[in-house]
A.B. asks: 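Please see the structure below; I have some questions.
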Amino acid sequence: MAARALDARVRIYRVVRRIPRGRVATYGQIAALAGIPRAPRVVGAAMRDCPAGVPWHRVVNAQGRISPRRRMSGMLTQRILLVQEGVPFRGGRVPLRTHRWPGGGDVSCGSRSR
DNA sequence: GGGCTGACTGACG
DNA sequence: ACGTCAGCCAGCC
């Protein structure tokens, strides 16, 4: 049985991995897709120790900015990676309005604009 | 088993 | 627009 007992972290990694290149998602969005809409902090905790293959740099906060972490170097790295993928930074922040990953991928009912 | 922390978010002044 | 306070969840000591 089991199998479904995957830790929330694993689910988060899976969702983050689904983020297409050139797009970004917010912690809250990832959390919601991972099944824990009330725990955006858990997403951050997971990113803190994310394995390879997980585009952690595509995850930003609801403000479209890079969250302040203990090590500032990481912030710069994230910004560089995003720009490299084609994500423009405006005023030090990403225009979620146009570059936010729709999430789910399918838009049948879409438009869930928060 | 209990308690604290945290790469967050939303509301309020 | 900015700073502050409280809420919520999972992981770790």
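To find a chain, count down the sequence lines: A is the first, B the second, and so on, and within it residues start at 1. Side-chain atoms are counted along with the backbone in the values below, which use heavy atoms only and exclude waters and symmetry mates.
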A.B. asks: Taking side-chain contact (heavy atoms from CB on, under 4.5 Å) as the definition, give me every residue that meets it alongside A:Ala25, ordered by chain and number, with sequence neighbours left out.
C.D. replies: A:Ile19, A:Gln29, A:Ile30, A:Trp101
A.B. asks: For residues 88-98 of chain A, which side-chain N or O atoms pair as donor and acceptor with protein atoms under 3.5 Å away, sequence neighbours left out?
C.D. replies:
from: A:Thr98; atom 1: OG1; to: A:Pro95; atom 2: O; distance (Å): 3.2

A.B. asks: By the salt bridge (Lys or Arg N to Asp or Glu O under 4.0 Å) test, which pairs, at least two apart or in different chains, include something from residues 21-44 of chain A?
C.D. replies: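 Qualifying pairs, neighbours excluded: none.
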A.B. asks: Please work out which residues in residues 79-97 of chain A have a non-hydrogen atom less than 4.0 Å from an atom of DNA chain C and list them by number.
C.D. replies: none
A.B. asks: If you restrict it to nitrogen or oxygen atoms, what contacts under 3.5 Å exist between nucleotides 7-13 of chain C and the protein, and what is each distance?
C.D. replies:
from: C:dG7; atom 1: O6; to: A:Arg41; atom 2: NH1; distance (Å): 3.2

A.B. asks: With a 3.5 Å distance limit and no angle check, can you tell me whether A:Asp7 reaches the backbone of A:Arg9 through a side-chain donor-acceptor pair?
C.D. replies: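 Checking the backbone N and O of A:Arg9 against the side chain of A:Asp7, no donor-acceptor pair under 3.5 Å is found.
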A.B. asks: I want to check something: taking the side chain as every heavy atom from C-beta on, are A:Val43 and A:Val15 in contact at a cut-off of under 4.5 Å?
C.D. replies: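 Side chain of A:Val43 against side chain of A:Val15, heavy atoms only: no contact under 4.5 Å found.
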A.B. asks: To the nearest Å, how far apart are A:Arg48 CZ and B:dG6 C1'?
C.D. replies: 7 Å
A.B. asks: Identify whether any heavy atom of A:Gln63 sits under 4.0 Å from a base atom; if not, whether one sits that close to sugar-phosphate; answer base, sugar-phosphate or nothing.
C.D. replies: nothing
A.B. asks: Should A:Leu81 and A:Gln84 count as side-chain neighbours, where that means a heavy-atom distance under 4.5 Å?
C.D. replies: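 A:Leu81 vs A:Gln84: side chains touch.
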A.B. asks: How close or far is atom C1' of B:dT9 from atom CZ of A:Arg100, stated in whole angstroms?
C.D. replies: 13 Å
A.B. asks: Hey, could you give me each pair passing salt bridge (Lys or Arg N to Asp or Glu O under 4.0 Å) that has a residue in residues 74-88 of chain A? Not counting sequence neighbours.
C.D. replies: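 For residues 74-88 of chain A, and leaving out neighbouring residues, the salt bridge (Lys or Arg N to Asp or Glu O under 4.0 Å) pairs sorted by first residue read A:Arg58-A:Glu85.
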A.B. asks: A:Pro37: which residues meet the side-chain contact (heavy atoms from CB on, under 4.5 Å) condition with it, sequence neighbours left out?
C.D. replies: A:Ala32
A.B. asks: Just jot down the side-chain contact (heavy atoms from CB on, under 4.5 Å) partners of A:Leu76, sequence neighbours excluded, or say none.
C.D. replies: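 Partners of A:Leu76 by the side-chain contact (heavy atoms from CB on, under 4.5 Å) criterion, ordered by chain and then number, come out as A:Ile80.
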A.B. asks: Can a donor-acceptor pair be found, under 3.5 Å and without considering hydrogens, that links the side chain of A:Tyr13 to the backbone of A:Gly53?
C.D. replies: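 Here the side-chain-to-backbone pair does not exist.
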A.B. asks: What stem regions, each of at least 3 consecutive Watson-Crick or G-U pairs below 3.5 Å, can be found for DNA chain C?
C.D. replies: B:2-6 with C:9-13, B:8-13 with C:2-7
